Amino acid sequence: MKTRLLFLGPPGAGKGTQAARICDSNGMKHLSTGDLLRTEVAAKSDLGQEAEAVMNRGELVSDKLVLAIVESQMKALSGEGWLLDGFPRTVPQAEALEPLLNELKQPIEAVVLLELDDAVLITRMLSRGRADDNEDVIRNRLEVYRDKTAPLISYYQNKGLLISVPAQGSVEEITERITKVLS
Ligand code: B4P
C-alpha cells in the first residue's frame, strides 16, 4: 500500500470524505488544507480572518499562507504515512512542495485524481450546505479549479505519479476503487 499520497480533484468530488476513510484504515495522517483553514476561521485567528472572505467567494487563499500551514504540519509528522487533501491546488504550490519533501526525504508515491461531472459536483455541494456552498460561489470554485488546479493533472502525469479514479457511485465503492489502485 502506498502511504505518501496527494488527492486531487474538483471541489465536491469527495476528496475529504475518501481521504478520511483511507487514512483511518491505513494509519496515515490526513492533512486537509480546507479543514486546517476552516479551523483557523472558527478560531478567528489573524490567519483565519484573512482566509474567511476569500473562501466565501470561492477563491483560493494565497499560496504563501497555505504553504506556511502545510510546512509546519509536515515538519511535525513523526514518520507515519500522510495524505495531502486539497493541496497543492496551484502549480506554484506543487513546486514549493518538492523541496520540502526532498528535505524530509519523503517523496510522493501517488497522486489520486477523483473525477466527476459538474452536475453531480454541484448537487453534492448544495446538499452539504457549507458557508461557501451556494450556487454562484460553487460555479466560481469550479472555474478556479479549471484555471488554477487542473494544470496539476499534466504536471503529475509527466512525473508518472497520476492515477485517475472515477468518483461516481457510493462512498464505499469509491474507497474500494482507491484502495485497489494504491495496493
Ligand atoms: P476543501 O475543503 O478542499 O473542499 P472541497 O474541494 O470543496 O471538497 P471535497 O472534494 O473535499 O469534497 P467532500 O469530501 O467534502 O476546500 C474549500 C476551500 O478552502 C477552497 O475553495 C479554498 O478557498 C480553500 N483552500 C483549501 N485548500 C487550499 C489550497 N491548497 N490553496 C488555496 N486555497 C485552499 O464531499 C462533498 C460532498 O459530497 C459532501 O457533502 C459529501 O458528504 C458528499 N459526498 C462525498 N462522496 C459522496 C458520494 N460518493 N456520494 C454522494 N455524496 C458524496
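Remember, it's 1-based here, ligands and their atoms both numbered in the order they're listed. Source: prediction; values computed, not measured.
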Numbering the atoms of ligand 1 from 1, which are under 4.0 Å from a heavy atom of [X]?
X    : value
I174 : 49 (N)
K15  : 6 (O), 9 (P), 10 (O), 11 (O), 12 (O), 14 (O)
L37  : 24 (C), 25 (N), 26 (C), 34 (C)

Which one holds for [X] and ligand 1: side chain close, backbone close, both close, or neither close, with close meaning a heavy atom under 4.0 Å?
X    : value
E173 : neither
R38  : side chain
V144 : neither
R21  : neither
A51  : neither
V66  : side chain

Is there a nitrogen or oxygen of [X] sitting under 3.5 Å from a nitrogen or oxygen of ligand 1?
X    : answer
R141 : yes
P11  : no
E59  : yes
V61  : yes
Q93  : yes
D132 : no
G86  : yes
G16  : yes

- Message: Do T149 and L152 have side chains that approach each other closer than 4.5 Å (heavy atoms only, starting at C-beta)?
- Response: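 Heavy-atom side-chain distance check passes, below 4.5 Å.
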Kindly identify the option in [options] whose heavy atom sits closest to [atom].
atom                    : options              : value
atom 15 (O) of ligand 1 : M55, Q18, R124, R128 : R128
atom 45 (C) of ligand 1 : T17, L8, T33, V54    : T17
atom 49 (N) of ligand 1 : G169, G14, A167      : G169

- Test side-chain hydrogen bond (donor to acceptor under 3.5 Å, both in side chains) applied to D147 - qualifying residues, sequence neighbours left out: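 For D147 there are no side-chain hydrogen bond (donor to acceptor under 3.5 Å, both in side chains) partners, ignoring immediate neighbours.
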- Query: When you check the side-chain N and O atoms of W82 and Q73, is any donor under 3.5 Å from an acceptor?
  - Reply: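 W82 vs Q73: no donor-acceptor pair found between side chains.
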- Item | Close approach, G9 and ligand 1, non-hydrogen under 4.0 angstrom |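 Distance cut 4.0 Å: G9 fails for ligand 1.
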- If you measure from each heavy atom of G12 to ligand 1, is any distance below 4.0 Å?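 Judged by the 4.0 Å heavy-atom criterion, G12 does count as contacting ligand 1.
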